[in-house]
Amino acid sequence: MSSPQPPHLLDQVREAIRLKRFSLKTEKSYLYYIRDFILFNNKRHPREMGSDKIRAYLSHLAIQRHVAPST
């Protein structure tokens, strides 16, 4: 019998957000940006990426999507 799989990243984030009692809208927003970050980096797990990938994603948001820095 195999050991149980650890929860997926988004499930872990969802649980942490709910423990902190953030609003549902905040939860959805966090999950959207995490999922988008993963897809932007060709479905790589964030654990495998460094700060250069984060900078590239933030630049992408600012330049191509015109997302405000406060977001």
Could you list the donor-acceptor pairs under 3.5 angstrom formed between side-chain atoms of residues 6-24 and any protein atom two or more places apart in sequence or on another chain?
unit_1	atom_1	unit_2	atom_2	d
D11	OD1	R14	NH1	2.8
Q12	NE2	P7	O	3.0
R18	NE	E27	OE1	3.1
R18	NE	E27	OE2	3.4
R18	NH2	E27	OE2	3.0
S23	OG	T26	N	3.1
S23	OG	T26	OG1	2.9

(request) Verify the cluster assignment for L61 and Y32: are they in a single hydrophobic cluster under the rule of side-chain heavy atoms below 4.5 Å apart? (result)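 Same cluster: L61 reaches Y32 through Ile, Leu, Val, Met, Phe, Trp or Tyr contacts under 4.5 Å.
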(message) For Y30, is the OH atom crowded, meaning more than 12 foreign heavy atoms sit under 6.0 Å from it?
(response)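 At most 12 heavy atoms, drawn from other residues, nucleotides or ligands, come within 6.0 Å of this atom.
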(request) Tell me, please, which residues at least two apart from D36 pass side chain to side chain donor-acceptor pair (under 3.5 Å). (result)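 D36 satisfies side chain to side chain donor-acceptor pair (under 3.5 Å) with Y57, R65 once adjacent residues are dropped.
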(message) Is there a path of hydrophobic side-chain contacts, each under 4.5 Å between heavy atoms, that joins V67 and F40?
(response)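 In one cluster: yes.
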(request) Group every Ile, Leu, Val, Met, Phe, Trp and Tyr by side-chain heavy-atom contacts under 4.5 Å, then state whether I38 and I54 land in the same group. (result)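 No, it is not one cluster - the side chains of I38 and I54 are not joined through contacts under 4.5 Å.
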(message) Rounded at 0.5 Å granularity, tell me how far CG in L58 sits from OH in Y33.
(response)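 So the gap between those two atoms works out to 10.5 Å.
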(request) Give every residue pair that meets the salt bridge (Lys or Arg N to Asp or Glu O under 4.0 Å) criterion with at least one member in residues 48-57, sequence neighbours excluded. (result)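 Non-adjacent pairs meeting salt bridge (Lys or Arg N to Asp or Glu O under 4.0 Å): R44-E48.
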